[in-house]
Amino acid sequence: MSIEVRNVAKQFDGFTALHDVSLKVEPGELLALLGPSGSGKTTLLRIIAGLDFPTGGRVFFNGEDAGHRHVGARGVGFVFQHYALFRHMTVLDNVAFGLRVKPRQQRLPRAEIVERAMRLLQLVQLDAFAKRYPGQLSGGQRQRVALARALAIEPRVLLLDEPFGALDAKVRKELRRWLRRLHDEMQLTSVFVTHDQEEALELADRVVVMSNGRIEQIGSPTEIYDRPASSFVYEFLGDVNKLPVTVESREAIVWSRRFPVGDDMPEEGVASAYVRPEDVEVSATAQPGSVPAAVSHISALGPIVRLELDLEGQGQPIEAELTRRRWHELDIKRGQHVWLSTNRARIFIDQPR
């Protein structure tokens, strides 16, 4: 099942939540809508589901206009952040709910409904909890019940709104892997909303980065991380050092090294250079193109060691990331003077000079 969004706009009481948004989700694809709060990602998901309707533009399922179809006719399974399970129903009854409320002519016999619900509980590894109530389950288990309930109606499309946002970090990581395997096994077309960059990059085939109701960039996780289309995408995806620079003759100097700027940028102007912490090279001695800095803080985070450094003559701290092995090799300590350089920086113009 493919999904196509064409020039969709949405207004709420004079506020524009979506501005002329267009995208296509390929059959069997797992697509992430990523962005900060207020970027329009949940509004877009609800419009795809049929829970909201656009002010302008259209949504197509397999090339057919879905605008006249209500939510029940779109064949969509929707999973909410806070589960939305019925507390007074058992786990089994929650999963079977969508099958039991179908019109009589479409409804399966009672025994088949129970059989399908139990198969889904086996799929999400919760068949032993069929007679329990949601209040007797952990957060991760409740979310798996919500997923099983969404899958019970055999949806053509699975939509998830911040599905792991209410869970702790360890459970989130486990459920992300589980959802990716489930998606691949069932070959669903899936769209999920998240503001968690790691979640989007780990799970999705492609990521749609949104800001202020507009799409900033669409691409694979590798593309948007390595080749951000805008300064917003660069800053939103992972940690980054933002350094003031001046562009002259389509070049900018970053720590004594020259970097070319894109053809779409002015030849001269005030700009910012973006350097990720993992692209900051740290040396104990001066190297060609390096600048001196002092180590102000060290954080050992498992296999990664994060350094906070102060450049001489600048008040802005710089972050660098080293492997624990490299940190031990350099024997870096707080207060020590080191040398910084980079072979990778991206330049974005701030304003005309």
Practice item. Assess whether side chain to side chain contact (heavy atoms under 4.5 Å, CB included) is satisfied between Ser211 and Phe232, documenting all intermediate values. Key: CA-CA 8 Å; Ser211 172; Phe232 171 83; 3.5 Å; yes
Review point. After noting the C-alpha distance and the side-chain angles of Ile113 and Arg107, does the key distance pass the side chain to side chain contact (heavy atoms under 4.5 Å, CB included) rule?
Key: CA-CA 9 Å; Ile113 290 176; Arg107 197 180 308 158; 4.2 Å; yes
Exercise for review: Check step by step if salt bridge (Lys or Arg N to Asp or Glu O under 4.0 Å) holds for Arg306 and Asp239.
Suggested key: CA-CA 11 Å; Arg306 184 169 296 156; Asp239 297 324; 3.6 Å; yes
Practice item. Check step by step if side-chain hydrogen bond (donor to acceptor under 3.5 Å, both in side chains) holds for Ser2 and Glu4. Key: CA-CA 7 Å; Ser2 66; Glu4 186 174 1; over 6 Å; no
Practice item. Quick one: do Phe97 and Leu85 satisfy side chain to side chain contact (heavy atoms under 4.5 Å, CB included)? Show the steps, please. Key: CA-CA 10 Å; Phe97 178 78; Leu85 298 177; over 6 Å; no
Review point. Salt bridge (Lys or Arg N to Asp or Glu O under 4.0 Å) between Glu112 and Arg116: does it pass, once the steps are laid out?
Key: CA-CA 6 Å; Glu112 288 187 35; Arg116 182 183 293 184; over 6 Å; no
Practice item. Show the numbers, then the answer: is there a side chain to side chain contact (heavy atoms under 4.5 Å, CB included) between Val95 and Leu121? Key: CA-CA 8 Å; Val95 174; Leu121 285 174; 3.8 Å; yes
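Criterion: ILVMFWY side-chain heavy atoms under 4.5 Å apart, direct or through other members. Under it, Leu126 and Met186 are part of a common hydrophobic cluster. One hydrophobic cluster, built from ILVMFWY side chains closer than 4.5 Å, holds both Leu201 and Val233. Under the 4.5 Å side-chain contact rule for hydrophobic residues, Ile153 and Leu179 do not share a cluster. In terms of hydrophobic clustering, with Ile, Leu, Val, Met, Phe, Trp and Tyr side chains grouped at heavy-atom distances under 4.5 Å, Leu330 and Leu307 are assigned to a common cluster. Under a hydrophobic-cluster definition in which Ile, Leu, Val, Met, Phe, Trp and Tyr are linked whenever side-chain heavy atoms come within less than 4.5 Å, directly or via other members, Leu99 and Val157 are assigned to different clusters.
Side chain to side chain, Thr42 and Asp161 meet the donor-acceptor criterion of an N or O pair below 3.5 Å. Side-chain contact check for Glu281 and Ser283: no donor-acceptor pair (N or O, by modelled atom type) lies under 3.5 Å. Side chain to side chain, Ser230 and Glu216 meet the donor-acceptor criterion of an N or O pair below 3.5 Å. Side chains of Glu199 and Thr194: a donor on one and an acceptor on the other come within 3.5 Å.
Although no hydrogens or angles enter the test, the distance criterion places no donor-acceptor pair under 3.5 Å between the side chain of Lys102 and the main chain of Leu108. Looking only at distances, a side-chain donor or acceptor of Asn94 sits under 3.5 Å from a matching main-chain atom of Thr90.
Heavy-atom minimum distance, Pro317 versus Glu308: CB-CG, 3.9 Å. Of all the heavy atoms in Pro228 and Phe348, the pair that sits closest is O-CZ, 3.9 Å.
Looking only at side-chain heavy atoms (C-beta outward), Asn343 and Asp279 stay at 4.5 Å or farther from each other.
Heavy atoms of other residues, nucleotides or ligands lying less than 6.0 angstrom from CZ of Arg324 number more than 12. By the 6.0 Å contact criterion, CZ on Arg258 is open, its count of non-hydrogen atoms from other residues, nucleotides or ligands being 12 or less.
Residues Tyr234 and Phe236 place their aromatic rings such that the two centres sit no closer than 6.0 Å.
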